[in-house]
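Everything on this sheet refers to the single structure shown next.
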Amino acid sequence: MMASHSGAAREASESAGNATLERCLSVLRDAKHDSEQFAALLLVTKAVRAGDIDSKTRRRIFDAIGFTFPNRLLVSREPPAGCPEHVYQALGLTLLACFCTDPELAGHSQILNKIPTFNNILASPSDPDNSSRNSMVDDVYQCLGAVMATHRGPKELVSQGTVSALCQAYLNRGYGYDRALELLIGLLATVETHCWQRATPDLMAVLSRLSEEFHQAEDMTKFQLCAVLPHFVSPSVQLTGDQQGSETLCNLYRGLVSILSSKLSQSQRDPALKLAACLAQACDSEWIPRERAGGKFLALLVNLACVEVRLSLEELDPADVDGKQEVVTACYALIELGIVECMREEKPRLSEAQKLQLVRIMEEAFGAVIHYLKQVGEQKLKDPFIFASVRILSAWLAEETSSLKQEVCDLLPFLIHYSKALFQEENKARRLSQHAVQLAGLGSPQGSACPRDALRFLLPGLCHLTAEDRPREILISEGAPELLYQYFLHHWELLASDPHTSALLDSTEISLQTTCGVFLNLVVTAPDLVRQDKCFSSLMEALVKSLPAVLPQRDRLVLAANIATLGLMMARHLVSSPALQGTPPATDFFEASICFLSQAHVARVDPASRGVAMAVSPAYQAAWPDLSELWFLGMQAFASCVPLFPWLPRMVLQSRWLDNLLQLLGQAAPAAVDFELITALQGILLELARASQQCREVIIFQQGRELANLYGMAALEQCLCER
């Protein structure tokens with residue numbers, strides 16, 4: 001009975017409230033004096049603040065009031081007698097906060113153009129005891145939160161200065177500053193780059209404050225900040241190089257040392273590992289001091305990450321790993337940091353003993369990664385965590401080739417299948433995008449690299465694996481050559497579509513170079529495959545067309561060296577290929593190859609001996625460490641091509657390479673020329689002399705016999721002395 005009476009009383013109260021609201025709305029519609037409107041508004045806003053109205057009623061309030069009343073209230077400066085100073089503004093904000101609960105209204109231009117007003121209220125001085133102003137601040141936060149939830153909202157907030165206002169509200173520690181931090185985190189999660197572009201000093205000030213609190217906290221606040229700080233540690237911001245950034249990193253380092261050096265529960269350790277991973281991705285290892293303590297902490301960090309990976313991927317059922325993906329992905333970033341530091345030779349943070357220990361620990365972690373990937377079903381191939389697992393394993397394979405050989409061989413079919421599936425998926429999406437753009441009459445779209453390009457990360461490891469018999473056999477049987485050919489074509493199209501240097505194209509160029517490296521291994525170790533597999537004939541056609549286009553771009557000299565050398569190495573096995581039968585593209589390719597090989601060295605006076613030495617030409621000097629091996633291999637391959645293509649000697653003569661080469665030998669002092677270079681030059685001269693009578697005569701006419709004797713080119717000297 002009492003419950004029944006209570007329900008009846010509540011219904012009666014709601015009915016009375018609705019009746020009062022109806023009268024207020026009627027007054028607002030019909031009022032002729034501001035005093036009448038003001039009285040009605042007070043009752044409406046009281047109902048709004050009490051939360052006694054539903055969404056339908058809120059919409060009716062808007063239909064009755066619109067934006068006109070709130071706009072007038074916000075600009076009114078003279079409150080009624082006996083009322084607080086900002087009473088009109090407070091009423092206007094309450095109404096706007098009410099309207100913003102409707103997503104459609106929250107994105108309305110009349111709300112968006114109030115953003116500067118919201119910002120000013122947050123940035124103005126606050127009084128914790130001023131309940132009227134605190135209520136205004138609450139309404140502002142409600143409006144900003146609603147705007148941020150709309151499609152246009154985040155960018156509008158950033159462009160109109162809300163990030164700076166929120167930063168100031170947090171730094172001033174005014175009423176509701178914790179909500180300012182929540183909104184900042186939301187904006188950084190949505191439009192991080194835009195936020196940092198517009199408000200770097202303010203965000204850095206917040207990060208600096210958070211890092212101080214993180215370092216100094218001795219209670220649960222420390223662990224709570226572990227979850228907040230990653231939102232403010234951005235790879236797009238330079239945190240090293242100035243005093244504020246250095247102090248911030250120092251505080252973060254000290255705070256993490258105090259956490260991870262203690263005995264922790266999993267719920268406490270995981271956020272710390274995630275924060276450390278963010279720092280590793282943003283600053284590599286620059287946030288860790290170089291002294292002994294820093295090396296000890298780095299080793300601890302990588303060790304903890306490896307243990308977490310093993311516990312998660314070895315002991316958990318694959319279905320249970322999903323709940324651990326976030327922390328395991330963070331551990332991957334820390335393990336990658338460990339790989340880099342173990343390979344570092346200059347100014348290392350780790351001792352040799354620490355490196356050896358970490359390599360053993362990381363090997364166990366990668367055993368767990370392989371174990372997990374072996375169990376991955378077809379339905380999980382699109383899971384970002386699988387991509388992260390393949391990526392970190394690829395980083396390991398790029399550096400470590402001696403461990404886990406059998407396990408890696410067993411996984412190779414999956415890695416090729418996975419890479420192929422992603423590549424085909426992205427290619428299909430790109431073709432559909434191109435088709436849509438062309439239908440719209442917008443012309444060809446700019447190329448873009450595959451967002452999930454597993455092959456890009458796997459390629460360095462494939463360079464090592466194709467040099468070994470068993471892995472190479474598996475890769476060939478799984479169709480890796482055809483996949484790599486299609487991958488080469490894709491990236492060449494990207495490069496050719498816009499040859500101007502950019503971060504995207506730099507990545508594309510590296511992918512092309514590494515792909516050439518994998519093919520070079522196959523050409524050297526599996527020549528029969530080159531002659532039999534049709535993809536190599538197709539690749540030859542692509543190389544023939546690519547080299548003349550890329551060689552003139554001097555900033556892409558290393559790529560040109562890869563293409564030229566690979567093409568020349570393949571040409572020895574594909575003599576009968578249609579692409580090499582004296583066609584204009586074939587002629588252009590060999591002319592470009594001659595240009596690349598012939599321009600690498602010049603005669604130069606040695607300041608020390610004052611004699612003339614043979615030196616790397618200025619155009620090749622900067623890139624020589626990366627292309628010297630390719631140049632020597634290319635010289636050897638070109639020499640092998642001379643007897644196979646009867647028209648090559650004539651091309652060499654027409655290019656004047658032979659004349660210039662002999663003049664170079666004549667100018668330089670034999671003792672100042674490296675033996676490896678002498679061997680390479682002799683190989684070219686010897687094959688030209690054997691294949692062409694005209695070349696032989698040119699060599700003899702320019703003191704070829706004497707030069708061969710001076711440089712110790714015994715085979716060339718003997719050839720020239722034969723009748």
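Every heavy atom of this structure was used, including side-chain atoms; hydrogens, water molecules and symmetry mates were not. Since we're looking at a predicted model, the values are computed, not measured.
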Would you tabulate the side-chain donor-acceptor contacts of residues 631-645 under 3.5 Å, counting partners in other chains and residues two or more places apart, or write 'none'?
unit_1	atom_1	unit_2	atom_2	d
W631	NE1	L597	O	3.0
S640	OG	Q636	O	3.1

Could you list the donor-acceptor pairs under 3.5 angstrom formed by side chains in residues 697-709, with sequence neighbours left out?
unit_1	atom_1	unit_2	atom_2	d
E697	OE2	Q693	NE2	3.4
Q702	NE2	D659	OD1	2.6
R705	NE	L720	O	3.2
R705	NH2	L720	O	3.2
N709	ND2	E717	OE2	3.3

Can I get a per-line list of side-chain donor-acceptor pairs under 3.5 Å for residues 583-592, giving both atom names and the distance, sequence neighbours left out?
unit_1	atom_1	unit_2	atom_2	d
T583	OG1	A586	N	3.4
T587	OG1	T583	O	3.1

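Listed by chain and residue number, Y332, Y372 satisfy the ring pair (Phe, Tyr, Trp, His ring centres under 6.0 Å) test with F385 (two or more places apart in sequence, or in another chain). Among residues two or more places apart in sequence or in another chain, the side chain to side chain donor-acceptor pair (under 3.5 Å) test is passed with Q238 by T240. H573 pairs by the side-chain contact (heavy atoms from CB on, under 4.5 Å) definition with V523, P527, V530, R531, not counting sequence neighbours.
Judged by distance alone, with hydrogens and angles left aside, the side-chain atoms of Q581 form a donor-acceptor pair with the main-chain N or O of S577 at under 3.5 Å. The closest donor-acceptor contact from the side chain of T508 to the backbone of L495 lies at 3.5 Å or more, if one exists at all. Using a distance-only test at 3.5 Å, with no hydrogens or angles considered, a donor-acceptor pair links the side chain of D674 to the main chain of E676. S692 places no side-chain N or O within 3.5 Å of a backbone atom of P649 that could act as its donor or acceptor partner. In this structure, the side chain of S477 engages the main chain of I474 through a donor-acceptor pair within 3.5 Å. A distance-only check finds a donor-acceptor pair linking the side chain of R472 to the backbone of T466 [under 3.5 Å]. No side-chain donor-acceptor contact under 3.5 Å links Q532 to the backbone of K534. The closest donor-acceptor contact from the side chain of Y620 to the backbone of F596 lies under 3.5 Å. Between the side chain of S419 and the backbone N or O of I416, no donor-acceptor pair lies under 3.5 Å. At distances below 3.5 Å, not a single donor-acceptor pair connects side-chain atoms of D533 with backbone N or O atoms of F536.
Looking only at side-chain heavy atoms (C-beta outward), L681 and M614 come within less than 4.5 Å of each other. The side-chain heavy atoms of V340 and D284, taken from C-beta on, include no pair separated by under 4.5 Å. Using a 4.5 Å heavy-atom threshold, the side chains of Q663 and N660 count as touching. The closest side-chain heavy-atom distance from F414 to V390 is below 4.5 Å. With contacts defined as side-chain heavy-atom distances shorter than 4.5 Å, the pair S598/L661 does not qualify. With a 4.5 Å cut-off on side-chain heavy atoms, L393 and L411 count as touching. For the pair P471/E468, a side-chain contact is recorded, criterion being any heavy-atom separation below 4.5 Å from C-beta on. You'll find the side chain of L373 stays beyond 4.5 Å of the side chain of I370, heavy atoms only.
Considering SG of C695 and CG of L685, their distance stands at 9.5 Å, rounded to 0.5 Å. For the atom pair CG of L547 and SG of C595, the computed distance is 9.0 Å after rounding to the nearest 0.5 Å. Summarising the geometry, atom CE belonging to M362 is positioned 9.0 Å from atom CD1 belonging to I392; distances are rounded to the nearest 0.5 Å. Rounding to the nearest 0.5 Å gives a distance of 11.5 Å between CD1 of I510 and CG of L459. To the nearest 0.5 angstrom, L455 atom CG is 6.0 Å from L484 atom CG. Taking SG from C283 and CG from L337, the interatomic distance works out to 10.5 Å, rounded to the nearest 0.5 Å.
A salt bridge does not link E363 to R360: none of the charged nitrogens lies less than 4.0 Å from a carboxylate oxygen. In summary, K374 and E407 do not engage in a salt bridge, as defined by a charged side-chain N under 4.0 Å from a carboxylate O. A salt bridge links R391 to E336: at least one charged side-chain nitrogen sits closer than 4.0 Å to a carboxylate oxygen.
Closest approach of I386 to K380, counting heavy atoms only: CG1-O, 3.3 Å. Across G338 and V302, no two heavy atoms sit closer than the pair CA-CG2, 3.8 Å. For A622 against P625, the heavy-atom pair with the smallest separation is O-CD, 3.6 Å. Heavy atoms only, all atoms of each residue included: Q682 and A715 are closest at OE1-N, 3.3 Å. Taking both residues in full, the closest heavy atoms of H464 and A398 are given as NE2-O, 2.8 Å, listed atom of the first, atom of the second, then distance. Closest heavy-atom contact between V558 and A623: CG2-CB, 3.8 Å.
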Legend entry - Worked verdict on L415 versus L458 for side chain to side chain contact (heavy atoms under 4.5 Å, CB included): CA-CA 8 Å; L415 292 175; L458 192 57; 4.1 Å; yes

Legend entry - Step-by-step side chain to side chain contact (heavy atoms under 4.5 Å, CB included) determination, E541 to V544: CA-CA 5 Å; E541 292 181 17; V544 160; 5.7 Å; no

Inset, instruction - Could you walk me through whether S507 and E509 pass side-chain hydrogen bond (donor to acceptor under 3.5 Å, both in side chains), step by step? - result: CA-CA 5 Å; S507 171; E509 184 177 351; over 6 Å; no

Inset, instruction - Start with the C-alpha distance between K382 and F387, add both sets of side-chain angles, then the distance that settles side chain to side chain contact (heavy atoms under 4.5 Å, CB included), and finish with yes or no. - result: CA-CA 8 Å; K382 294 184 179 181; F387 183 81; over 6 Å; no

Legend entry - Worked check of side-chain hydrogen bond (donor to acceptor under 3.5 Å, both in side chains) between E341 and S285: CA-CA 8 Å; E341 289 302 316; S285 60; 2.7 Å; yes

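Between W396 and F366, the two ring planes are parallel [angle under 30°; tilted spans 30° to 60°].
Heavy-atom contacts from other residues, nucleotides or ligands closer than 6.0 Å to CD of Q694 number 12 or fewer. Heavy atoms from other residues, nucleotides or ligands lying under 6.0 Å from CZ of R470 number 12 at most. Surrounding NZ of K545 are at most 12 heavy atoms belonging to other residues, nucleotides or ligands under 6.0 Å away. Within a 6.0 Å radius of CZ in R554, more than 12 heavy atoms belonging to other residues, nucleotides or ligands are found. In R604, the CZ atom is not crowded: 12 or fewer heavy atoms of neighbouring residues, nucleotides or ligands sit closer than 6.0 Å.
Annotation: F488 is not in aromatic contact with F519 [ring centroid separation under 6.0 Å not met]. Between H490 and F423, the ring center distance clears the sub-6.0 Å criterion.
Judged by distance alone, the side chains of Q486 and E482 do bring a donor and an acceptor atom under 3.5 Å apart.
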